[in-house]
Every structure is written in structure tokens, then in C-alpha cells.
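Counting starts at 1 for both ligands and their atoms, following the listed order. From a predicted model like this one, the values you see are computed outputs, not experimental measurements.
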Amino acid sequence: MKIYFCGSIRGGRDDVHLYRKIVEKLQSYGVVLTEHVSSSELSDRGEDAAALGDKAIHDRDVDWLRQSDVVVAEVTQPSLGVGYELGRAVDMEKKIFCLFRPSSGRTLSAMIRGAEDGKIFVVKDYSVDEVENILEDFFNKLKKA
Ligand SMILES: O=c1[nH]c(=O)n([C@H]2C[C@H](O)[C@@H](COP(=O)(O)O)O2)cc1CO
């Protein structure tokens with residue numbers, strides 16, 4: 001299974017340790033195409049745009065999105081890139097699982113919360129200590145579907 005993980009980069013890296021935890025769990029279900037999103041070496045400046053170029057980053061990621069079987073996004077830290085990826089993924093009819101932490105004190109964008117349909121686009125409120133169980137539930141149901 002190919003998994004596309006979305007997490008904030010230029011939107012802010014406050015949750016990078018959580019992204020790492022999520023990606024490690026996801027790797028027990030398949031290949032995470034966007035493992036770099038969870039790297040603590042990646043700052044909020046993003047990948048080396050001078051070497052890669054923003055267009056190359058965008059085109060590579062959209063190609064990975066197309067290849068992916070499922071999209072998992074940590075959406076607590078607001079990120080334009082994550083919002084864009086989710087919009088494109090909806091258009092590609094991908095199965096999408098968004099994770100949001102209410103304990104952050106934030107209110108999730110209506111364009112994410114309101115996209116929930118309980119089937120293809122699922123939004124789950126969670127706390128850090130339950131993230132592994134929540135991912136287990138999601139992938140167990142996915143295997144049965
Ligand atoms: O350097 C990058 N590499 C990269 O893969 N992305 C993708 C993956 C992330 O899920 C998402 C983060 O977007 P943003 O940087 O706007 O927070 O965009 C984003 C950047 C920088 O915008």
C-alpha cells in the first residue's frame with residue numbers, strides 16, 4: 001500500500017515529533033511516499049528549494065498523490081500546502097483520513113471539517129496518546145472495505 005502523509009512544513013513545524021510518530025506507525029501498513037514531512041531536519045523553510053525548485057516539489061508531490069492508495073493528514077497546524085493537497089486528493093477520489101487535536105485550542109477550517117462524508121473523507125478528533133490506536137482502527141477497517 002502506498003500512503004501519502006500530509007503535515008505542515010512552511011506552515012510551521014511545531015508538530016514535527018508527532019508527524020514522526022504517525023509516519024512510523026504508517027510504515028507498518030505500507031510505504032510512506034512523503035516520509036520527509038516527518039524529518040526533524042526539515043525546517044519551516046521546506047526542502048532545499050534552490051536545489052529542487054518549488055515547481056519540482058509541487059509536481060513530485062502531485063505525482064505521489066496520484067500514485068497513493070490512501071492519504072493521511074495531520075491538520076492541527078494550519079498549512080496552505082496540506083489544504084491544497086487535500087483538495088487535489090478529493091478531486092482524485094482518494095480515501096482521506098484527517099487527524100485533528102482539539103487540545104490545541106484551534107478550530108479546524110470549515111473546508112476540512114465540512115468536507116467530512118464519513119466514507120471517503122474522514123475527520124477524526126484525537127489526542128496524542130491515542131494516535132496509534134486510531135490509525136490501527138482506520139487501517140483495519142480499510143483492509144475489510
Ligand atoms: O518543501 C516542501 N516539501 C513538500 O513536500 N511540501 C508538501 C508536503 C506537505 O504535506 C505540505 C506542506 O505544505 P506547507 O509547506 O505549505 O506547510 O506540502 C511542502 C514543502 C514546502 O512548502
Show which atoms of ligand 1 fall inside a sub-4.0 Å distance from at least one heavy-atom site of [X].
X	result
S79	12 (C), 13 (O), 14 (P), 16 (O), 17 (O)
G46	1 (O)
S8	17 (O)
H36	3 (N), 4 (C), 5 (O)
D61	4 (C), 5 (O), 6 (N), 7 (C), 8 (C)
C6	10 (O)

Report task. Flag the pair E24 / E132 as yes when at least one side-chain heavy-atom distance between them is below 4.5 Å, and no otherwise. Result -> no
*Kindly indicate whether the side chain of F139, heavy atoms from C-beta on, has any atom under 4.5 Å from the side chain of V72.*
yes
Common cluster, [X]/[Y], ILVMFWY with side-chain heavy-atom separation under 4.5 Å:
X	Y	answer
I22	V82	no
V37	M1	yes
V23	V131	yes

**Report entry** Main-chain N/O of R45 paired to R10 side chain as donor or acceptor, under 3.5 Å
**Finding:** yes
Closest non-hydrogen protein atom to [atom], residue and atom name please, with distance?
atom	value
atom 21 (C) of ligand 1	R10 NE, 3.4 Å
atom 9 (C) of ligand 1	G7 O, 3.2 Å
atom 16 (O) of ligand 1	G81 N, 2.9 Å
atom 8 (C) of ligand 1	E85 OE2, 3.1 Å
atom 2 (C) of ligand 1	E47 OE2, 3.5 Å

In short, salt bridge (charged side-chain N to carboxylate O under 4.0 Å, His left out) pairs touching residues 82-107 with sequence neighbours left out are D15-R101, E74-R101
Hey, does [X] come in under 3.5 Å of ligand 1, counting only N/O atoms on both sides?
X	result
F5	no
I57	no
I9	yes

Flag if over 12 foreign heavy atoms under 6.0 Å of NZ, K124 = no
Parallel, tilted or perpendicular: which describes the rings of F138 and F97, with under 30° parallel and over 60° perpendicular? parallel
* To do: Take every heavy atom of T34, measure it against each atom of ligand 1, and state whether any distance is under 4.0 Å.
  => no
| request: State if Q77 counts as touching ligand 1 under the rule of any non-hydrogen atom under 4.0 Å. | output: no
The answer for which part of R13 has a heavy atom under 4.0 Å from ligand 1 is neither
Q.
Aromatic contact between F5 and Y19, with the criterion being ring centroids under 6.0 Å apart: yes or no?
A. yes
| said: Side chains of E136 and N140 only: does a donor on one sit below 3.5 Å from an acceptor on the other? | reply: no
